[in-house]
Structure formats: structure tokens, C-alpha cells
Amino acid sequence: MAIHSLPDLTSLSINELYNVYLLIARADHHWRIAALYGKQPRPAGHSEFRPLPWEHFSERFAIAQSIVGGEMSLRNRLARQAAAYRIDIDTELRRYRSQAA
């Protein structure tokens with residue numbers, strides 16, 4: 001399936017990007033669990049959701065910033081993944097910002 005439009009993540013702060021990453025990670029985890037187990041319950045303790053902690057994400061972001069074009073590449077990858085999982089970034093960020101305020 002072609003992805004026709006990507007969300008614009010260029011102006012997001014690192015905290016907002018981490019929130020986008022968490023949304024993508026949750027969606028990816030959901031699809032992987034569904035692919036592994038279908039409608040059957042998964043065994044206890046199996047395939048737990050373990051996203052990157054904030055510290056690791058911020059390290060990766062800093063590394064991306066140190067490479068020419070790296071930060072934009074990271075932002076574009078997150079935008080492609082969000083679009084592929086049909087995550088409504090604008091709605092989710094409004095929710096995130098209202099909780100942070």
C-alpha cells in the first residue's frame with residue numbers, strides 16, 4: 001500500500017518526537033502480537049511491550065543530529081512509520097500537549 005501523505009514532524013520538539021515514537025512502538029507491538037497469536041491469548045510474560053526509554057531515544061536523537069542530514073532522516077522515518085500505522089499525529093499531539101499543560 002502506498003503512503004500518500006506524511007505528517008510534518010519538522011517543528012516538533014524532542015519530547016513530542018518521543019511521544020510520536022511511543023505511539024509508533026505501541027502500534028507496531030500491537031500488530032506483531034496479532035501476527036504471532038491472532039485472537040489467542042499470549043502466554044503470561046511473553047512479548048511484553050518494551051519501548052526505548054527516554055534516555056536511549058534522546059541519545060539516538062543526539063547522534064542523528066551529529067550526522068549531516070541525520071536529524072531530518074530520523075524525523076522522516078518516524079513520519080513514514082506513523083503514516084503506515086495510520087496514526088493521527090495532530091490529534092495525538094493535541095492530547096499530549098493538553099496533558100502536559
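Below, each value reflects all heavy atoms present in this structure, side chains not excepted, and no hydrogens, waters or symmetry copies. Just so we're clear, the structure is a prediction, and the values are computed from it rather than from any experiment.
Here salt bridge (charged side-chain N to carboxylate O under 4.0 Å, His left out) pairs that include residues 23-40, with residues two or more places apart or in two chains, are Asp28-Arg32.
The distance from the CD1 atom of Ile33 to the CD atom of Glu48 is 8.5 Å, given to the nearest 0.5 Å. Within the model, atoms OH of Tyr85 and NE2 of His30 stand 10.0 Å from one another, a figure rounded to the nearest 0.5 Å. Here CG of Leu23 is found 6.0 Å from CD1 of Ile89. Values are rounded to the nearest 0.5 Å. Atoms CZ and OH, from Arg60 and Tyr18 in turn, are 11.0 Å apart once rounded to the nearest 0.5 Å. Rounded to the nearest 0.5 Å, atoms CG (Leu6) and CZ (Arg80) are 7.5 Å apart. Separation of atoms CG (Leu22) and CG (Leu52) is listed at 9.0 Å; rounding is to 0.5 Å.
A donor and an acceptor atom, one from each side chain of Asp8 and Thr10, are located under 3.5 Å apart. There is no side-chain donor-acceptor pair under 3.5 Å between Gln99 and Arg95.
Taking both residues in full, the closest heavy atoms of Ile87 and Ala27 are given as CD1-CB, 4.2 Å, listed atom of the first, atom of the second, then distance. Contact between Ile24 and Ala82 at its shortest, heavy atoms only, is CD1-N, 3.8 Å. Between Pro7 and Ala83, the shortest heavy-atom contact is CD-CB, 4.2 Å.
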Evaluate Glu16 against Leu93 for side chain to side chain contact (heavy atoms under 4.5 Å, CB included), listing each step before the verdict.
CA-CA 7 Å; Glu16 292 169 328; Leu93 284 178; 4.0 Å; yes
List the steps, then state whether side chain to side chain contact (heavy atoms under 4.5 Å, CB included) holds for Ile14 with Trp54.
CA-CA 10 Å; Ile14 187 171; Trp54 161 253; 3.7 Å; yes
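Under the rule for a side chain to side chain donor-acceptor pair (under 3.5 Å), Asn76 has no partner lying at least two apart in sequence or in another chain.
When side chains are defined from C-beta on, Arg75 counts as touching Leu17, because their heavy atoms get closer than 4.5 Å.
Val20 is connected to Trp31 through a chain of hydrophobic side-chain contacts under 4.5 Å among Ile, Leu, Val, Met, Phe, Trp and Tyr, so both are in one cluster.
Ile67 shares a hydrophobic cluster with Ile63; the chain of contacts runs through ILVMFWY side chains whose heavy atoms sit under 4.5 Å apart.
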